[in-house]
Amino acid sequence: MAYKKNLWFTLIAVLPVLALNVSAGNIVLNENTVGAKAMPAVIEDIAGTPFKMKTPERPTFPDRTVTVNKGSIGADGKITEAINGLIADISKRGGGTVKVPSGHWMSGRIVLKSNVNLHLEEGAVIEFSGSIDDYQPAVFTRHEGIEIMGAGAFIYANKEKNIALTGKGTIMGPPMSASMRTLPNGKSVVENDVPHDMPVKQRICDGYEGRTFYRPKSFSPINCKNVLVEGVTFERSVLWNVNPVYCENVIIRGITVNSTDVPSGDGIDISSCKNVLIEYSTLNCGDDCFTLKAGRCEDGLRVNRPTENVVIRYCLAKEGHGGITCGSETAGGINNVYLHDCLFYGTRTGFRFKTRRNRGGTVAGITYENIRLVNVREAFTWDLLGSATYMGELARRYPPLDITPLTPTVKDITIRNFTVESADRLLTVNGIPEIPCSNILIENGDIRTNRIIRTMNDADGFTFRNLEIQATNNRMTIDDSRNITFDNVTFHIPDNTLDIEIKGKKAGNITIKDGDKTIKCHNGLNPLD
């Protein structure tokens, strides 16, 4: 049989309807059962993880309380000096709770200390300053995966143990008109602005004397153990909201984030942390919602600290770029991640894997199950090259580049037991030609989408199993991808036909299993008889 490259073919896909069990665990996933409003008082033990992980222990604090009052307000109208004094003093006395009562309080940077719970009572609002002067001196922090000396966070801690931010109050950034919001986020991408061979203490980004000022996160402890964030609402951030860095034993539960009007207004960013539980949280963000990171480029390789052992459960993501995103900072590696029983309602992407050719590291051991996606632009995205605007020549697929320590790997991912109630696209893969993403399993799903696969570039080992797909468009493009299997997939599509373009010299071993019959598809060719 003679074949021609890059030829469209039509495949009849009248497959038996498969009865799927896509119930989301033991609960019905809606806004009454997941998210901050559904948080129970007690933390349930972690169970059923594909990796070994104990439930992080909730930090406890001595029965000692001090309270912010009107006398805490300084001549500048802020409680900064007084609240930091209370925190430092109670920490020296063995710890306790610093209580912020109902009311509107203004502050600059707050620094948490060991064995202190900063508790915001219902009705308490701490509004943080929009002046760079209130975030001095520069402190050790990490900005988008690069270590610097900078603003840190509205609430900051370094090398502390047993710290907490709790209550029903609100952490609020400065007004949207604040001058801080107009400051450029560096001159270029951060790895170009901060030389990787410069000592960290010299990487001063305080905004003075023409130096860069990287906007502070809302809550960002670094090098801390036993961290709790519970119940608090985060509003109007100037950058990321909750960003633990180099922390161990972290519990984030029952928080609400509203940052939809904030560029780079991520919800929760876990950066090079170990043993993390995120549960019953509601995120409404101007960028990614739940995000896992591990350092960037040469600096991330130097630090070489992974994000590992992360459980995310019973959470709600509303608006945002990605419901959950791995990357794009991946240098230290992201592994052992288990997300289950979550609802993503209106995010641009449901599950997003994101890295770049210069980001390094390995993303692996990722399991997502019992998920409901509603009104997403795309359910699954592998965005591993980026755009020429930020990455220049590194964003070009071809020619393939040499593999270096900075070449990232994305593999060993399972997504199962899910519903996609409405999406424009099911899946897009833009992989890295020199190391294709591999060993991906997507199974047990009920899907309603306009398009199925927009394009699948540079993948090696994708299995779609036990899926029922209703789509308004029957066209797919598979480019230089191989070892792709559709196993017991039911398509409800126009004319009951699939139009698949298979192209690229490396494309091959593309299989559609229809009952007892296996159909082999070849590079731009009609399936074999």
Side-chain angles (χ1 to χ4, degrees), residues 23-61 63 65 97 99-100 102 117-124 162-171 219 226-235 241-242 244 247-258 267-268 270 273 275-285 289-290 292 309-318 320 323-324 337-345 367-374 417-419:
S23 61
N26 296 321
I27 65 172
V28 177
L29 295 178
N30 58 46
E31 295 189 41
N32 296 317
T33 58
V34 299
K37 293 180 180 179
M39 182 185 71
V42 177
I43 300 174
E44 298 176 3
D45 286 341
I46 290 174
T49 58
F51 47 87
K52 291 183 179 180
M53 177 178 166
K54 293 182 179 179
T55 306
E57 292 187 9
R58 182 191 187 102
T60 58
F61 304 93
D63 187 15
T65 300
T97 297
K99 185 182 297 184
V100 181
S102 178
N117 174 18
L118 179 59
H119 182 80
L120 279 62
E121 292 191 325
E122 188 170 5
N162 302 320
I163 59 174
L165 174 63
T166 66
K168 296 183 179 180
T170 299
I171 300 298
F219 176 74
N226 304 330
V227 179
L228 171 66
V229 190
E230 183 177 62
V232 179
T233 295
F234 294 84
E235 300 270 0
N241 284 271
V242 177
C247 292
E248 186 172 346
N249 298 329
V250 178
I251 300 172
I252 302 170
R253 65 190 310 260
I255 73 166
T256 300
V257 173
N258 294 309
I268 299 173
I270 305 301
C273 295
N275 298 335
V276 179
L277 171 63
I278 303 171
E279 65 174 10
Y280 293 104
S281 293
T282 299
L283 306 187
N284 218 358
C285 303
C289 295
F290 300 92
L292 307 172
N309 298 351
V310 179
V311 172
I312 303 171
R313 62 187 185 184
Y314 313 126
C315 287
L316 170 64
K318 291 187 175 180
I324 180 168
V337 178
Y338 181 45
L339 176 144
H340 68 90
D341 294 287
C342 289
L343 168 60
F344 298 161
Y345 201 113
T367 301
Y368 302 150
E369 65 181 354
N370 302 331
I371 314 116
R372 179 183 171 206
L373 305 181
V374 183
N417 302 335
F418 63 93
T419 60

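Basis for what follows: all heavy atoms, side chains included, without hydrogens, waters or symmetry-related copies. Everything numeric in this text was worked out from a predicted model, so none of it was measured.
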Could you measure the distance from the [atom1] atom of [X] to the [atom2] atom of [Y]? Nearest 0.5 Å is fine.
{"X": "Glu122", "Y": "Thr170", "atom1": "CD", "atom2": "OG1", "answer": "9.5 Å"}
{"X": "Leu373", "Y": "Phe418", "atom1": "CG", "atom2": "CZ", "answer": "8.0 Å"}
{"X": "Ile278", "Y": "Ile324", "atom1": "CD1", "atom2": "CD1", "answer": "7.5 Å"}
{"X": "Glu57", "Y": "Ile251", "atom1": "CD", "atom2": "CD1", "answer": "8.5 Å"}
{"X": "Thr419", "Y": "Leu343", "atom1": "OG1", "atom2": "CG", "answer": "8.5 Å"}
{"X": "Cys273", "Y": "Ile252", "atom1": "SG", "atom2": "CD1", "answer": "8.0 Å"}

Please find the pair of heavy atoms, one from [X] and one from [Y], that lie closest to each other, and give the distance.
{"X": "Gly320", "Y": "Cys289", "result": "CA-SG, 3.9 Å"}
{"X": "Pro56", "Y": "Val250", "result": "CG-O, 4.1 Å"}
{"X": "Val310", "Y": "Phe51", "result": "O-CZ, 3.8 Å"}
{"X": "Gly323", "Y": "Ala317", "result": "CA-CB, 4.4 Å"}

Inset, instruction - Could you pull out all residues at least two apart from Phe344 that satisfy ring-ring contact (aromatic ring centres under 6.0 Å, His included)? - result: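 Phe351.
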Inset, instruction - For Tyr280, enumerate each residue passing the ring-ring contact (aromatic ring centres under 6.0 Å, His included) test, keeping only those at least two apart in sequence or located in another chain. - result: Tyr314
Within the 4.5 Å heavy-atom criterion, are [X] and [Y] side-chain neighbours or not?
{"X": "Val276", "Y": "Leu292", "value": "no"}
{"X": "Glu44", "Y": "Arg313", "value": "yes"}
{"X": "Leu165", "Y": "Val242", "value": "no"}
{"X": "Asn241", "Y": "Ile268", "value": "no"}

Could you pull out all residues at least two apart from [X] that satisfy side chain to side chain contact (heavy atoms under 4.5 Å, CB included)?
{"X": "Thr55", "value": "Ile43, Asp45, Ile46"}
{"X": "Val100", "value": "Val68, Ile83, Trp105, Leu118, Leu120, Ala124, Ile126"}
{"X": "Glu369", "value": "Tyr338, His340, Arg416, Asn417"}
{"X": "Thr166", "value": "Asn117, His119, Ala164, Leu228, Glu230"}

Inset, instruction - Output all residues satisfying salt bridge (charged side-chain N to carboxylate O under 4.0 Å, His left out) with Glu121, sequence neighbours left out; order by chain, then residue number. - result: Lys99
Legend entry - Those residues that, when tested against Lys168, pass salt bridge (charged side-chain N to carboxylate O under 4.0 Å, His left out) (two or more places apart):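 Salt bridge (charged side-chain N to carboxylate O under 4.0 Å, His left out) list for Lys168, sorted by chain: empty.
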List for me each residue that meets side-chain hydrogen bond (donor to acceptor under 3.5 Å, both in side chains) alongside [X], sequence neighbours excluded, and say none if there are none.
{"X": "Asn258", "result": "Glu235"}
{"X": "Glu248", "result": "none"}
{"X": "Asn284", "result": "none"}

Legend entry - Check against side-chain contact (heavy atoms from CB on, under 4.5 Å), Met53 and Asn275: CA-CA 7 Å; Met53 177 178 166; Asn275 298 335; 4.2 Å; yes
Inset, instruction - Check step by step if side-chain contact (heavy atoms from CB on, under 4.5 Å) holds for Phe219 and Val227. - result: CA-CA 11 Å; Phe219 176 74; Val227 179; 4.2 Å; yes
Legend entry - Derivation of the side-chain contact (heavy atoms from CB on, under 4.5 Å) call for Val337 and Tyr368: CA-CA 8 Å; Val337 178; Tyr368 302 150; 4.3 Å; yes
Inset, instruction - State whether the number of non-hydrogen atoms from other residues, nucleotides or ligands found under 6.0 Å of Phe61 atom CZ is greater than 12. - result: yes
Legend entry - Side-chain (Thr49) to main-chain (Ala47) donor-acceptor, under 3.5 angstrom: no
Inset, instruction - Begin from the C-alpha positions of Leu283 and Cys315 and carry the test side-chain contact (heavy atoms from CB on, under 4.5 Å) through to its verdict. - result: CA-CA 8 Å; Leu283 306 187; Cys315 287; over 6 Å; no
Please tabulate, for the side chains in residues 30-41, all donor-acceptor contacts under 3.5 angstrom to protein atoms that are two or more places apart in sequence or on a different chain.
from  : atom 1 : to     : atom 2 : distance (Å)
Asn30 : OD1    : Asn32  : N      : 2.8
Asn30 : OD1    : Thr33  : N      : 3.2
Glu31 : OE1    : Lys318 : NZ     : 3.4
Thr33 : OG1    : Val28  : O      : 2.3
Thr33 : OG1    : Asn30  : N      : 3.1
Thr33 : OG1    : Asn30  : O      : 3.1

Inset, instruction - Have a look at Ile171 and tell me which of Thr233, Val232, Val257 forms a side chain to side chain contact (heavy atoms under 4.5 Å, CB included) with it. - result: Val232
